[in-house]
Structure formats: C-alpha cells, structure tokens
Amino acid sequence: MSDHLQPRLRVLLAEAIAIGPGKAELLRHIRETGSISAAARCMHMSYRRAWLLVDTMNHSFLTPVVSTATGGSHGGGAHLTEMGEEVLRRYETMEEKANAALAPDIAEFRKLMQLQPREQPKS
C-alpha cells in the first residue's frame, strides 16, 4: 500500500478550482523555472493545459498570481507575483494544518484499506 495516503485540499470559487494540489505544484515549478512551458514539461502536461490552469488562478484572485512576459531580445518568461507567493504560502499552510488535523483519522482509515488495490472484474 502506498505510504502516501492523505487528503487533497482544493479551494473552490463557484465551479472553478481556484487552487488545489496540481495548481500549487504548477506554481512551484513556475517559481523554479521562470517559465510556464518549462513548468508544464516538469509536470508532463501540455503548455495549453498549464496556461489554462494559470488563467483560472489569475481570474480567481483579486490580482494575478502569475505574470508573464512575451519573448524578445531579453526573452520571455513567467514569475509568481506577490499575490502568487501569498496564495501559495497560504495554501501550503492550509495543507499542513489539514494533514495534521486529519492524521489520526487517516491512520484509522488506512486500517480499512486493501494492501494492494483489487483488480476490477472484466466485463
């Protein structure tokens, strides 16, 4: 069984996921690489998918979380704005609190789970 049994926190704004585990990971990769396309490659997703996730986040908060610059003599790129850094910091803090609060319940839940997932019956 995976030792990675944990809850997954998502913050919803109406129908949209403003931020969740995948978007937080994308923000971390953008911070590290300075590029949406490089961040997408790190996550094995298309640039379009990454851009759509960034666009959703940028429209979910009071100000954009990612700022982009088009290419040119100095090159393009992307970086987290102050809002992006704040959103990521707060999300990671919320994740830590949720994981700590739910740790006893997760330990009990683990006792109810298979060591290995059962195979699905063939139709």
Side-chain angles (χ1 to χ4, degrees):
M1 176 176 16
S2 170
D3 289 305
H4 201 63
L5 182 63
Q6 68 181 48
R8 306 233 8 195
L9 178 66
R10 287 173 179 79
V11 178
L12 302 177
L13 176 65
E15 301 287 319
I17 298 172
I19 189 159
K23 288 178 179 170
E25 182 181 354
L26 181 61
L27 291 178
R28 286 190 287 271
H29 285 298
I30 291 170
R31 180 199 290 148
E32 292 166 9
T33 65
S35 164
I36 294 174
S37 59
R41 283 191 298 275
C42 290
M43 295 179 70
H44 307 287
M45 73 170 64
S46 71
Y47 171 81
R48 177 167 168 68
R49 175 75 176 133
W51 186 88
L52 289 171
L53 295 175
V54 167
D55 190 55
T56 297
M57 288 186 283
N58 279 348
H59 286 92
S60 294
F61 295 95
L62 294 174
T63 60
V65 298
V66 174
S67 178
T68 59
T70 56
S73 61
H74 296 95
H79 70 275
L80 300 190
T81 62
E82 286 183 36
M83 177 66 77
E85 292 288 353
E86 179 74 5
V87 164
L88 184 57
R89 183 188 65 75
R90 287 180 182 265
Y91 177 79
E92 290 173 339
T93 299
M94 289 169 36
E95 266 191 325
E96 290 170 11
K97 288 178 182 178
N99 288 336
L102 293 171
D105 294 307
I106 293 294
E108 291 301 314
F109 201 79
R110 184 183 307 272
K111 294 175 186 177
L112 303 174
M113 300 186 79
Q114 292 285 329
L115 293 177
Q116 294 291 323
R118 290 186 207 153
E119 284 192 34
Q120 295 288 328
K122 299 195 190 274
S123 302

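Hydrogens, waters and symmetry mates are skipped; everything else that's a heavy atom, side chains included, is used.
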[atom1] of [X] to [atom2] of [Y]: how many Å apart, nearest 0.5 Å?
X     : Y     : atom1 : atom2 : answer
Ile36 : Met45 : CD1   : CE    : 11.5 Å
Leu52 : Met57 : CG    : CE    : 11.0 Å
Thr81 : Asn58 : OG1   : CG    : 7.5 Å
Thr63 : Glu86 : OG1   : CD    : 10.5 Å

Joint hydrophobic cluster, [X] plus [Y], side-chain heavy atoms closer than 4.5 Å:
X     : Y     : value
Leu80 : Tyr47 : yes
Leu53 : Leu12 : no
Met94 : Phe61 : yes

Side chains of Ser37 and Ser35: is there a donor and an acceptor less than 3.5 Å apart?
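Distance-only check passes for Ser37 and Ser35.
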
Would you say that more than 12 heavy atoms from the other residues, nucleotides or ligands in this model lie under 6.0 Å from the CG of Leu112, or not?
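Above 12, so yes.
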
Looking at side-chain heavy atoms only, is the closest gap between Leu9 and Tyr91 below 4.5 Å?
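A side-chain contact under 4.5 Å exists here.
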
For residues 16-31, run the donor-acceptor check on the side chains, cut-off 3.5 Å, and write out each pair with its distance to 0.1 Å, sequence neighbours left out.
unit_1 : atom_1 : unit_2 : atom_2 : d
Lys23  : NZ     : Ile17  : O      : 2.3
Glu25  : OE2    : His29  : NE2    : 3.4
Arg28  : NH1    : Glu92  : OE2    : 2.7
Arg31  : NE     : Glu85  : OE1    : 3.4
Arg31  : NE     : Glu85  : OE2    : 3.4
Arg31  : NH2    : Glu85  : OE1    : 2.9

Remaining members of Leu13's ILVMFWY cluster at a side-chain heavy-atom cut-off under 4.5 Å?
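Same cluster as Leu13: nobody, lone residue.
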
Salt bridge (Lys or Arg N to Asp or Glu O under 4.0 Å) pairs, two or more places apart, involving residues 32-56:
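Those involving residues 32-56 do not exist here.
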
